[in-house]
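A short write-up of the structure that comes next.
Worth saying up front: this structure is predicted, and the values here are computed from it rather than measured.
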Amino acid sequence: MRFAAIVSVALGLSPGTWLRDAPPQGVDSPVVVFRPIALNKRTLGPFTIEGAWHLDSSNFWFGGYSALVALDSGTLLAGADRGWTLRFRVPPANRMSQQYARFSPVGTKYANKHLSDLEALAHDPANGGIWGAFEYRNAIAHFSRDGRMQQVAFPPAMRDWPSNAGPEAMVRLADGRFLVSAEAVWRSGAKLDLHTLLVFSGDPVGGARSWKARIATPPDYALVDMAQLPDGRVLVLMRKVNYLPPRFTGRIAVYDPRTLSADMPWRGQVVAKLEPPLPTDNYEGIAVAPDKSGAGAAVWIVSDDNRMRTFQRTVLLKLRWSPSVQ
């Protein structure tokens, strides 16, 4: 969702190097600045809120992040809809910081939306594999560890998805299956919307077969990203555009993969609302980083500023999930 469209409707280098000296500036600067955002609340449904940051950089390719995965407990990879990724270390809490991050193009042909509208990322923590889903071409690609595209597939089941409302969310489950959902609403209703969800038996780039399900979301909420919790359940991030005045609200819901069915809509439970007094923006990426101790997980959420920094920000939230939460 581009901010210009919202206004139109309403009106009719190695990551993780922390800097101590003055950072280089310019459109190719690798520096990202993290400014803490003051919080008026510390709980969000079943989550504890551990931090919020406003991210900024003078790098030309900064911004527009619609996908997020945790490569490990201390490293995040964000994907942008202009075909670049940003790899960075998680910021320290409660103080401004800056670091050399890694900006990488996923390929060489980023013009005219040719495999550049990167909307979702998935990660295999066992072997470091990374996958990305692209709108416009309705494609899924496998990346190298540094974020470079290696192999691309165009799943037949996604062939007829709308070019600007195609694969929006993707997750690799611990059992090896992939879930890929379309942004487009398959059927809209007064109580829920249904989106097409493909369940791949394995790696879509490797030719794994898929079957079709439907996932239910609250009315007018777009399904924008997914991530799996250590207990097997899936967190689903949703976003709603409110046109008058132009603003965004979000929801986090929990779904159980054991209830996936080709015959009945996959239903979840909304557990958190992303709305004031929290810092709100166009949240589009969610990632889960399990604790090394197994005692819980960090849940990271990033917003897409649509390259409209006058009106929007790149916001990073850190939540804490406990295994005692059901």
If we count only N and O atoms by modelled type, under 3.5 Å, do the side chains of Ser188 and Asp193 hold a donor and an acceptor together?
yes
Ignoring hydrogens and geometry beyond distance, is a side-chain donor-acceptor pair present between His142 and Gln151 at under 3.5 Å?
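On atom types as modelled, these side chains do not qualify, holding no pair under 3.5 Å.
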Only distances under 3.5 Å count here; give the side-chain donor-acceptor pairs of residues 207-216 to other protein atoms, sequence neighbours excluded, each with its distance to 0.1 Å.
residue	atom	partner	partner atom	Å
Arg214	NH1	Thr196	OG1	2.6

How long is the gap from [atom1] on [X] to [atom2] on [Y], to the nearest 0.5 Å?
X: Gln269; Y: Arg251; atom1: CD; atom2: CZ; result: 13.5 Å
X: Leu76; Y: Thr85; atom1: CG; atom2: OG1; result: 12.5 Å
X: Met238; Y: Leu223; atom1: CE; atom2: CG; result: 6.0 Å

Spell out, as yes or no, whether a donor-acceptor pair under 3.5 Å connects the side chain of [X] to the backbone of [Y].
X: Thr259; Y: Trp266; result: no
X: Ser303; Y: Arg313; result: yes
X: His54; Y: Pro36; result: no
X: Asn138; Y: Trp161; result: yes
X: Asp225; Y: Ile286; result: yes
X: Asp124; Y: Gly129; result: no

Heavy atoms from other residues, nucleotides or ligands near CG of Asn94 exceed 12 (cutoff 6.0 Å):
no
How about CZ on Arg42, more than 12 heavy atoms from neighbouring residues, nucleotides or ligands closer than 6.0 Å, or not?
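Yes, CZ of Arg42 has more than 12 neighbouring heavy atoms, counting only those of other groups under 6.0 Å.
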Applying the salt bridge (Lys or Arg N to Asp or Glu O under 4.0 Å) test to Arg239, which of Glu168, Glu275, Glu284 qualifies?
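The residue from Glu168, Glu275, Glu284 that satisfies salt bridge (Lys or Arg N to Asp or Glu O under 4.0 Å) with Arg239 turns out to be Glu284.
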Only one of Met226, Arg172, Met170 passes side-chain contact (heavy atoms from CB on, under 4.5 Å) with Leu179; say which it is.
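Exactly one candidate clears the test, Met226.
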